[in-house]
J.: 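Below is a structure I'd like to ask you about.
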Amino acid sequence: MNFILHLGLGSFHRAHQAVYIHELRQQGDLRWAIAGGNLRPDMAETIHALQAQGGRYTLETVTPQGERSYTRIESIQRVIPYQDDLAPLIATGADPATRIISFTVTEAGYYLDANNRLDWATFPDLRADLDAVKDGQAGHTLYGGLVSILRARMRAGAGPVTLMNCDNLRHNGERSRGGLLQFIDALGDGALRAWVETNTTSPNAMVDRITPRPTPDVAERVKAATGWEDKAAVMGESFIQWVIEDNFIAGRPEWEKVGVEMVNSVQAYEEAKIRLLNATHSCIAWAGTLAGYRYIHEGTHDAAIRKMAFDYVTDDAIPVLLPCPINLEQYRDVVLDRFGNPAIADTNQRVAMDAFSKIPGMIAPTIRDQLARGGSFDSVAMLPALFLAYLQRWHAGQIPYTYQDQAMDPAAAQAICEAADPVAAYAADTTLWGEMAGHTQLVETLRKAFARVQAFVAERAGA
Ligand SMILES: NC(=O)c1ccc[n+]([C@@H]2O[C@H](COP(=O)([O-])OP(=O)(O)OC[C@H]3O[C@@H](n4cnc5c(N)ncnc54)[C@H](O)[C@@H]3O)[C@@H](O)[C@H]2O)c1
Ligand SMILES: OC[C@@H](O)C(O)[C@H](O)CO
């Protein structure tokens with residue numbers, strides 16, 4: 001049997017990649033299975049539960065009409081519990097039966113700046129990881145972890161392996177490969193660099209299925225529907241899509257038999273997904289939080305919030321994506337319908353997170369493209385303006401949930417909020433804006449957008 005070693009055994013992997021392999025196995029193709037674990041000591045309870053359940057768990061899916069279905073997923077054949085030296089993960093990665101190493105480590109797990117350079121200055125944990133790997137310890141960022149695994153694989157002569165990124169990141173294969181090679185260069189390991197260049201490929205991919213953080217009621221519904229006491233149940237929308245560039249150096253599952261689109265270039269799909277779905281999702285989460293909503297579907301059904309999202313896509317995002325083989329107006333409408341499904345009950349908390357990675361990765365590119373073509377970017381500017389208002393609430397301790405942001409420097413965020421001119425300070429932040437930081441048109445457009453956001457917030461406060 002061939003293995004995919006997956007790093008980052010979160011909800012999304014279990015509602016997406018694991019489902020496709022499960023479906024292949026259900027068709028009788030037992031040639032591939034998944035081994036998975038985390039690079040960090042998080043989700044200990046879920047990993048423990050998964051291990052106790054032999055890697056099996058129930059997936060609940062919900063259609064736009066609210067119909068629910070339950071499937072017991074059996075493709076994760078090996079659950080690798082976390083240990084500090086990552087020895088079991090490294091051993092699995094160095095096993096010749098492992099032909100693909102895939103990963104979901106969140107958008108914040110890549111540490112790249114707008115020029116695709118590793119941002120050592122902003123992310124001290126990256127430097128700490130490099131030092132740990134230099135000292136012969138296992139790395140715990142994606143790059144340090146992969147170096148530990150790939151060095152062991154090279155030494156074991158275990159052969160080529162595909163590195164498959166499944167995160168929402170533009171050019172996700174290429175960019176994470178670039179980060180990995182820079183990390184190896186910083187280590188000064190020329191032999192590993194040469195081995196990686198010859199023995200690995202990194203296909204780009206677009207992944208899609210809204211997968212909320214499972215709440216206790218998922219397990220309750222699973223129990224009621226199946227009788228199974230499942231401590232690792234997940235839920236997602238019925239919609240699912242995966243488009244992958246067909247660039248696998250050591251073989252791959254016959255994914256096309258279960259609906260995966262294998263293509264030469266994923267670019268049109270990823271741009272549509274990142275700009276029309278992910279950026280819009282963040283818009284609704286930030287605006288929805290400011291308006292006092294808890295769930296994404298509530299903000300989606302609020303006419304003012306829906307208009308901000310619709311105008312952003314229509315006025316500013318679609319024009320810079322044309323020409324495009326995808327019908328982008330239709331894509332926009334389907335996405336808004338998906339967000340509006342109350343049965344998904346996805347929270348603003350999950351979607352609002354990691355803005356300091358999502359703004360540069362998902363929103364700034366549209367501003368950059370509009371600036372380059374001399375176009376207006378009033379509608380897209382509403383998104384970062386919403387986040388500035390959100391950040392000010394966070395600073396005032398008024399966000400009604402914990403805001404998580406791995407890329408945010410709290411001191412820099414505090415300085416923005418306390419500045420005499422917060423808009424100018426925000427527009428000057430290089431983590432968010434790269435080379436556009438401080439650009440006059442950026443400052444002025446953000447200022448106008450922020451005034452509109454303040455009017456929206458004031459109106460809601462008075463309502
Ligand atoms: N949930 C969705 O709707 C969805 C849909 C499409 C794509 N994705 C992608 O999957 C990612 C994870 O989503 P999820 O729902 O599984 O989240 P999750 O919180 O359930 O899991 C996050 C996983 O990432 C790992 N991780 C987090 N930060 C890391 C870091 N800095 N270095 C190494 N590992 C790290 C954790 O160990 C965990 O395994 C998203 O950030 C996104 O890129 C999610
Ligand atoms: O925008 C937040 C994402 O996690 C989103 O749920 C996902 O990308 C949908 O595929």
Side-chain angles (χ1 to χ4, degrees), residues 6-19 36-47 50 61 79-82 86 89 102-112 123-126 128-129 138-146 165-170 172 175-176 179 205-215 232 234-243 269-270 272-286 296-297 300 309 334-335 338-339 341 344-355 357-358 361-363 383 404-407:
H6 187 78
L7 309 175
L9 215 43
S11 309
F12 177 61
H13 172 74
R14 288 182 289 127
H16 189 268
Q17 299 101 64
V19 175
N38 281 343
L39 291 165
R40 314 186 327 167
D42 41 23
M43 310 166 39
E45 250 178 65
T46 309
I47 299 282
L50 267 177
T61 54
V79 178
I80 305 174
Y82 176 83
L86 300 185
L89 269 188
S102 60
F103 33 93
T104 42
V105 295
T106 80
E107 293 84 346
Y110 295 93
Y111 311 100
L112 294 164
F123 301 109
D125 49 337
L126 191 58
D129 214 47
H140 295 267
T141 64
L142 174 69
Y143 304 123
L146 281 177
N165 192 329
C166 300
D167 267 313
N168 288 323
L169 197 72
R170 171 171 292 99
N172 62 1
R175 293 184 69 220
S176 49
M206 184 276 259
V207 291
D208 197 2
R209 168 169 262 178
I210 296 173
T211 310
R213 291 217 171 107
T215 45
V234 285
M235 79 88 71
E237 59 175 343
S238 53
F239 182 98
I240 189 165
Q241 191 179 17
W242 195 3
V243 188
Y269 300 90
E270 71 180 15
K273 164 82 196 304
I274 286 171
R275 299 198 205 211
L276 272 53
L277 189 152
N278 295 117
T280 312
H281 221 179
S282 297
C283 167
I284 291 172
W286 298 327
I296 289 292
H297 62 268
T300 309
V334 169
V335 160
R338 289 167 61 194
F339 291 169
N341 183 352
I344 296 175
D346 201 3
T347 56
N348 291 328
Q349 176 175 22
R350 182 187 80 81
V351 179
M353 66 190 274
D354 284 334
S357 308
K358 290 177 177 172
M362 299 171 168
I363 296 168
L383 278 59
Q404 294 172 294
D405 195 326
Q406 294 191 50

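For ligands, and for the atoms within them, numbers begin at 1 and follow the listed sequence.
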J.: With a 3.5 Å distance limit and no angle check, can you tell me whether Arg209 reaches the backbone of Ala15 through a side-chain donor-acceptor pair?
T.: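 Yes, because the side chain of Arg209 sits within donor-acceptor range (under 3.5 Å) of the backbone of Ala15.
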
J.: Check the pair Leu7 / Leu142 against side-chain contact (heavy atoms from CB on, under 4.5 Å), numbers first and verdict last.
T.: CA-CA 8 Å; Leu7 309 175; Leu142 174 69; 4.3 Å; yes

J.: Measure the spacing between CZ of Phe339 and CD1 of Ile284 and express it to the nearest 0.5 Å.
T.: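 Here the rounded value is 5.5 Å.
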
J.: Should Thr106 and Gln406 be marked as a side-chain contact (heavy atoms from CB on, under 4.5 Å) after you check the CA-CA gap, both sets of side-chain angles, and the distance that decides it?
T.: CA-CA 9 Å; Thr106 80; Gln406 294 191 50; 3.5 Å; yes

J.: Under 3.5 Å between any N/O of His13 and any N/O of ligand 1: does that happen in this structure?
T.: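 No, no N or O pair falls under 3.5 Å.
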
J.: With respect to Leu9, determine whether any N or O atom, backbone or side chain, lies less than 3.5 Å from an N or O atom of ligand 1.
T.: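 Right, the criterion is met.
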
J.: Go through ligand 1 atom by atom and flag the ones less than 4.0 Å from a non-hydrogen atom of Tyr111.
T.: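 So the atoms of ligand 1 that pass are 31 (N).
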
J.: Closest non-hydrogen protein atom to atom 20 (O) of ligand 1, residue and atom name please, with distance?
T.: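 Here the closest protein heavy atom is Ser11 N, 3.0 Å.
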
J.: Could you identify the single nearest non-hydrogen protein atom to atom 29 (C) of ligand 1 and state the distance to 0.1 Å?
T.: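 Here the nearest protein heavy atom works out to Val105 O, 3.2 Å.
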
J.: Just wondering, do Tyr110 and Leu169 contact through their side chains at under 4.5 Å, heavy atoms?
T.: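 They are in contact (side-chain heavy atoms under 4.5 Å apart), so the answer is yes.
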
J.: Give the numbers and elements of all ligand 1 atoms closer than 4.0 Å to a heavy atom of Val207.
T.: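 Those atoms are 7 (C).
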
J.: Does any N or O in the side chain of Asn165 come within less than 3.5 Å of the main-chain N or O of Asn172, such that one atom is a donor and the other an acceptor?
T.: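 Judged by distance alone, yes, a pair lies under 3.5 Å.
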
J.: Rounded to the nearest 0.5 Å, how far apart are CG of Leu277 and OG of Ser282?
T.: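 With rounding to 0.5 Å, CG (Leu277) is 9.5 Å from OG (Ser282).
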
J.: What residue and atom, counting heavy atoms only, is the protein's closest point to atom 2 (C) of ligand 1, and at what distance?
T.: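 Minimum-distance protein heavy atom for atom 2 (C) of ligand 1 reads Arg350 NH1, 3.4 Å.
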
J.: Does Ile296 form a side-chain contact (heavy atoms from CB on, under 4.5 Å) with His281? I'd like the steps, not just the answer.
T.: CA-CA 8 Å; Ile296 289 292; His281 221 179; 4.0 Å; yes

J.: Tell me which residues fall inside the under-4.0 Å heavy-atom shell around ligand 2.
T.: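 Within 4.0 Å of ligand 2, the protein residues are Asn168, Asp208, Arg209, Ile210, Lys273, Leu277, Asn278, His281, Arg350.
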
J.: Any nitrogen or oxygen of Thr211 lying under 3.5 Å from a nitrogen or oxygen in ligand 1? Just yes or no.
T.: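 Between Thr211 and ligand 1 (N or O atoms, distance only) the closest approach is under 3.5 Å.
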
J.: Given that the side chain starts at C-beta and the backbone is N, CA, C, O, which of these parts of Asp42 lies under 4.0 Å from ligand 1, counting heavy atoms, or is it both or neither?
T.: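 The part of Asp42 near ligand 1 is the side chain, not the backbone.
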
J.: State, yes or no, whether a side-chain contact exists between Val207 and Phe12 at a heavy-atom distance under 4.5 Å.
T.: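 Sidechains of Phe12 and Val207: in contact.
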
J.: Of all the atoms in ligand 1, which lie at a distance below 4.0 Å from a heavy atom belonging to Met43?
T.: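 Contacts of ligand 1 toward Met43, numbered from 1: 38 (C), 39 (O).
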
J.: Give, for atom CZ of Arg213 and atom CG of Asp346, the distance between the pair rounded to the nearest 0.5 Å.
T.: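 Taking CZ in Arg213 and CG in Asp346, the distance rounds to 9.5 Å.
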
J.: Can you pull out the closest protein heavy atom to atom 24 (O) of ligand 1? Residue, atom name and distance to 0.1 Å, please.
T.: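 Protein heavy atom at minimum distance: Thr104 O, 3.3 Å.
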
J.: Go through ligand 1 atom by atom and flag the ones less than 4.0 Å from a non-hydrogen atom of Ile210.
T.: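 Answer, ordered by atom number: 3 (O).
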
J.: Establish, from distance only, whether the side-chain atoms of Tyr111 and Asp125 form a donor-acceptor pair under 3.5 Å.
T.: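 Side-chain D/A pair, Tyr111 to Asp125: present.
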
J.: How far is atom 39 (O) of ligand 1 from its nearest protein heavy atom, and which residue and atom name does that atom have?
T.: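 Ranked first by proximity to atom 39 (O) of ligand 1 is Asn38 OD1, 2.9 Å.
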
J.: Set out, in order, the CA-CA distance, both residues' side-chain angles and the distance that settles salt bridge (charged side-chain N to carboxylate O under 4.0 Å, His left out) for Asp208 and Arg338, then state yes or no.
T.: CA-CA 12 Å; Asp208 197 2; Arg338 289 167 61 194; 2.9 Å; yes

J.: With a cut-off of 4.0 Å, which atoms of ligand 1 are near a heavy atom of Gly8?
T.: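 Going through ligand 1 atom by atom, the ones under 4.0 Å from Gly8 are 39 (O).
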
J.: Among all protein non-hydrogen atoms, which one is nearest to atom 41 (O) of ligand 1, and what is the separation to 0.1 Å?
T.: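 Sorting protein heavy atoms by distance from atom 41 (O) of ligand 1 puts Glu107 OE1, 2.7 Å first.
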
J.: Considering only the protein, which heavy-atom contact is closest to atom 13 (O) of ligand 1, and what is its distance?
T.: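 Of the protein heavy atoms, Phe12 CB, 3.8 Å lies nearest.
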
J.: Does atom 17 (O) of ligand 1 have any protein heavy atom closer than 4.0 Å?
T.: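 Answer no: nothing from the protein, no heavy atom, is under 4.0 Å.
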
J.: Would you kindly specify which portion of Leu7 sits under 4.0 Å from ligand 1, judged on non-hydrogen atoms: side chain, backbone, both or neither?
T.: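 Neither part.
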
J.: Please verify the inter-ring angle class for His6 with His13; under 30° counts as parallel, over 60° as perpendicular, anything in between as tilted.
T.: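 Because their plane-to-plane angle is under 30°, the rings of His6 and His13 count as parallel.
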
J.: What's the shortest distance from atom 43 (O) of ligand 1 to any protein heavy atom, and which residue and atom give it?
T.: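 Going atom by atom, the protein heavy atom closest to atom 43 (O) of ligand 1 ends up being Asp167 OD1, 2.5 Å.
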
J.: Calculate, to the nearest 0.5 Å, the distance between atoms OG1 and NE2 belonging to Thr211 and His16 respectively.
T.: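 Interatomic distance, Thr211 OG1 to His16 NE2, rounded to 0.5 Å: 8.0 Å.
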
J.: Using heavy atoms and a 4.0 Å limit, tell me yes or no: is Arg14 in contact with ligand 1?
T.: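 Contact absent.
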
J.: Show which atoms of ligand 1 fall inside a sub-4.0 Å distance from at least one heavy-atom site of Gln406.
T.: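 Here the atoms of ligand 1 in question are 27 (C), 28 (N), 29 (C), 30 (C), 31 (N).
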
J.: May I ask you to decide if Gly8's main-chain N or O and Thr104's side chain share a donor-acceptor pair within less than 3.5 Å?
T.: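 Looks like yes, one N/O pair under 3.5 Å.
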
J.: Looking only at side-chain N and O atoms, does Asn168 offer a donor or acceptor that is under 3.5 Å from a partner on Lys273?
T.: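 Asn168 and Lys273 do have a side-chain donor-acceptor pair below 3.5 Å.
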
